[in-house]
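Treat the numbers as computed from the prediction; the structure is a model and nothing was measured. Chain letters run A, B, ... following the sequence lines, proteins first and then strands; every chain starts at 1.
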Protein chains: 4
Amino acid sequence: MEYHKHQAIYLQIAEFVANNILAGNWPKGEKIASVREMASTMQVNPNTIMRTYTHLSDAGILFNKRGIGFFVAEDAPKKILKMQKDKFIQETLPVVFEKMELLGIRFEDLKEIYQKGLK
Amino acid sequence: MEYHKHQAIYLQIAEFVANNILAGNWPKGEKIASVREMASTMQVNPNTIMRTYTHLSDAGILFNKRGIGFFVAEDAPKKILKMQKDKFIQETLPVVFEKMELLGIRFEDLKEIYQKGLK
Amino acid sequence: MEYHKHQAIYLQIAEFVANNILAGNWPKGEKIASVREMASTMQVNPNTIMRTYTHLSDAGILFNKRGIGFFVAEDAPKKILKMQKDKFIQETLPVVFEKMELLGIRFEDLKEIYQKGLK
Amino acid sequence: MEYHKHQAIYLQIAEFVANNILAGNWPKGEKIASVREMASTMQVNPNTIMRTYTHLSDAGILFNKRGIGFFVAEDAPKKILKMQKDKFIQETLPVVFEKMELLGIRFEDLKEIYQKGLK
DNA sequence: GTGGTCTAGACCACC
DNA sequence: GTGGTCTAGACCACA
């Protein structure tokens with residue numbers, strides 16, 4: 001896997017994990033790769049994977065059983081969607097709106113463009 | 001200059017030229033580097049620069065006098081903005097709208113988010 | 001097909017394509033010959049045909065689906081007429097007006113000649 | 001000299017002769033090349049040159065002295081201009097007007113285009 | 001010298 | 001298979 005420099009690697013791996021869950025590759029309730037194993041697969045430091053798993057656990061997408069490992073939470077897909085939605089609203093949209101301002105596109109123009117796109 | 005592979009080189013150079021004009025480095029009416037000269041500077045084939053210049057001429061950003069060279073058009077900055085606006089509407093917005101659909105964000109939700117961003 | 005040297009080959013082929021569309025040989029919405037196929041038929045380099053097709057697409061006479069081919073646009077005949085009209089105004093008329101100047105024919109004389117021609 | 005097939009060769013040579021007179025290469029009153037000499041130079045049959053000279057004599061551009069040769073008439077340039085003017089009005093303009101009709105350009109549009117061209 | 005066109009051949013992404 | 005881009009090298013008209 002290639003990493004780009006515009007985002008922390010642990011977040012890029014978090015997206016990778018999330019996408020696998022969404023795709024159904026890793027069913028809910030199932031144990032996922034251990035920190036050391038995943039670190040080896042992804043060719044990064046185990047600490048980085050730990051941050052990824054902790055991050056996903058905080059979001060309720062994973063949960064862990066001490067001494068055993070990390071597991072896919074029951075409603076993981078739903079949580080992932082919410083996570084992506086939040087990220088989209090907090091990171092992507094502001095950039096889009098800023099560029100609109102720069103190019104002189106008013107919000108009112110958006111609706112027209114949006115409806116054209118649906119045709 | 002580095003080129004990324006996700007966009008044609010001639011378009012990347014076109015953006016480079018446009019940015020220089022917007023920045024005021026190349027005043028309107030002024031002759032810009034000849035095709036061969038620019039090709040040497042940018043380390044690409046003259047045909048590629050020819051394509052860049054023709055592209056910008058079609059957009060009204062440059063004009064040329066045969067046997068003399070290419071020049072920055074009078075209202076180049078205005079045309080560049082229009083070009084960027086068109087590109088944003090035709091390339092960026094569709095992707096944004098598609099992702100909105102995927103994440104279950106309705107167009108009506110946008111207005112609220114937009115107004116929050118202005119505070 | 002014979003090519004004359006006073007005009008770029010890709011433009012002569014563009015006219016050929018336009019005439020076929022106007023004549024109804026290539027109905028709107030229909031796929032036309034692929035770049036390589038046409039190149040073989042016309043005995044020119046594929047790049048030259050690519051230029052022809054791109055030129056006609058820029059003018060809205062053709063459109064293309066990536067990986068599939070080029071197609072005749074819905075309102076192609078209308079666009080072709082506009083294209084020919086523009087060419088006539090930008091290329092033919094200036095030459096006519098220049099020759100008028102050379103021969104000492106004033107614009108006012110034209111009207112009389114024009115009306116005689118209608119009889 | 002190259003001949004194109006869209007016009008009789010004797011007329012093409014007539015234009016050639018006329019242009020030389022207008023350019024001042026062949027001063028008025030001067031004897032021009034004999035029929036045989038010109039035929040050799042132009043690589044055509046003497047009969048063709050004879051038609052050319054007769055045509056120009058009819059128009060008052062040349063005159064001949066029997067047994068001596070053909071000479072440039074006193075007011076040849078003026079006659080040539082009139083000849084070209086007549087040809088322009090009777091041959092060129094009708095074609096232009098016909099094409100205008102075909103392209104949907106009204107005579108009223110001409111004035112605007114004409115004045116733009118003068119800028 | 002300038003732009004403009006054309007060829008031959010290559011490689012890529014997408015379908 | 002399709003279009004799309006790029007290179008290398010050539011030749012042309014025009015100024």
Side-chain angles (χ1 to χ4, degrees), chain A residues 2, chain B residues 1-17 26 29-73 87 90-91 94-95 98, chain C residues 1-17 26 29-73 87 90-91 94-95 98, chain D residues 2:
Chain A
E2 300 173 16
Chain B
M1 181 165 173
E2 301 172 16
Y3 303 107
H4 50 266
K5 60 177 181 179
H6 305 293
Q7 194 183 23
I9 291 179
Y10 84 92
L11 288 175
Q12 296 180 50
I13 297 177
E15 282 194 13
F16 169 76
V17 171
W26 303 350
E30 190 137 316
K31 180 178 180 301
I32 65 177
S34 76
V35 171
R36 286 165 180 82
E37 196 180 341
M38 182 69 86
S40 171
T41 303
M42 299 308 234
Q43 309 211 47
V44 296
N45 188 285
N47 280 329
T48 302
I49 298 297
M50 189 67 222
R51 217 168 160 185
T52 298
Y53 283 7
T54 303
H55 181 67
L56 291 172
S57 297
D58 287 347
I61 291 163
L62 299 180
F63 67 94
N64 77 326
K65 302 183 189 171
R66 291 192 58 144
I68 313 238
F70 282 86
F71 298 78
V72 177
K87 189 185 167 195
Q90 284 162 26
E91 294 179 16
V95 173
E98 190 183 2
Chain C
M1 181 167 173
E2 300 172 18
Y3 302 108
H4 50 265
K5 60 177 182 180
H6 305 295
Q7 194 183 23
I9 292 179
Y10 83 93
L11 287 175
Q12 295 180 50
I13 297 177
E15 282 194 14
F16 169 75
V17 171
W26 303 349
E30 190 138 317
K31 180 177 179 303
I32 64 177
S34 76
V35 172
R36 286 164 179 86
E37 196 181 342
M38 183 68 87
S40 170
T41 304
M42 298 307 235
Q43 310 211 46
V44 296
N45 188 285
N47 281 328
T48 302
I49 298 297
M50 189 67 222
R51 219 169 157 184
T52 297
Y53 283 6
T54 303
H55 181 68
L56 291 172
S57 297
D58 287 347
I61 292 163
L62 299 180
F63 68 94
N64 77 328
K65 302 183 188 171
R66 291 193 59 146
I68 312 238
F70 282 86
F71 298 78
V72 177
K87 190 186 166 196
Q90 284 161 26
E91 294 178 16
V95 173
E98 190 183 2
Chain D
E2 300 173 16

Are B/Met42 and B/Tyr3 close enough that some pair of their side-chain heavy atoms sits under 4.5 Å apart? yes

Between the two end axes of the helix from E/dG1-F/dC14 to E/dC14-F/dG1, each built from 5 base pairs, what angle do you get to the nearest 10°? 10°

Please give me every residue in residues 35-55 of chain B whose heavy atoms get under 4.0 Å of an atom in DNA chain F, ordered by residue number. B/Val44, B/Asn45, B/Asn47, B/Thr48, B/Arg51

With a 4.5 Å heavy-atom cut-off, do B/Glu15 and B/Gln7 have their side chains touching? yes

Minimum side-chain heavy-atom gap B/Phe71-B/Glu30 below 4.5 Å: no

Within residues 4-14 of chain B, which residues have any heavy atom lying less than 4.0 Å from an atom of DNA chain F? B/Ala8, B/Ile9, B/Tyr10

Working to the nearest 0.5 Å, report the span between CZ of B/Arg36 and OG1 of B/Thr41. 14.0 Å

Contact list for residues 45-63 of chain C, test salt bridge (charged side-chain N to carboxylate O under 4.0 Å, His left out), sequence neighbours left out: none

Do the side chain of B/Thr54 and the main chain of B/Met50 share a donor and acceptor less than 3.5 angstrom apart? yes

Ring pair (Phe, Tyr, Trp, His ring centres under 6.0 Å) contacts touching residues 40-61 of chain C (sequence neighbours left out): C/Tyr10-C/His55, C/Tyr53-C/Phe70

Between NZ on residue C/Lys31 and CG on residue C/Leu62, distance to nearest 0.5 Å: 11.5 Å

Can you tell me how far the OG1 atom of B/Thr52 sits from the CE atom of B/Met38, to the nearest 0.5 Å? 8.5 Å

Can you measure from OG (B/Ser34) to CD1 (B/Ile68) and round to the nearest 0.5 angstrom? 13.0 Å

Which heavy atom of C/Asn45 sits nearest to which heavy atom of C/Ala39, and what is that distance? C-CB, 4.0 Å

Show the nearest heavy-atom pair for residues C/Gln12 and C/His4, with the distance to one decimal. NE2-O, 2.6 Å

Residues of residues 57-69 of chain C with a heavy atom under 4.0 Å from any atom of DNA chain F, listed by number, are C/Asn64, C/Gly67, C/Ile68, C/Gly69

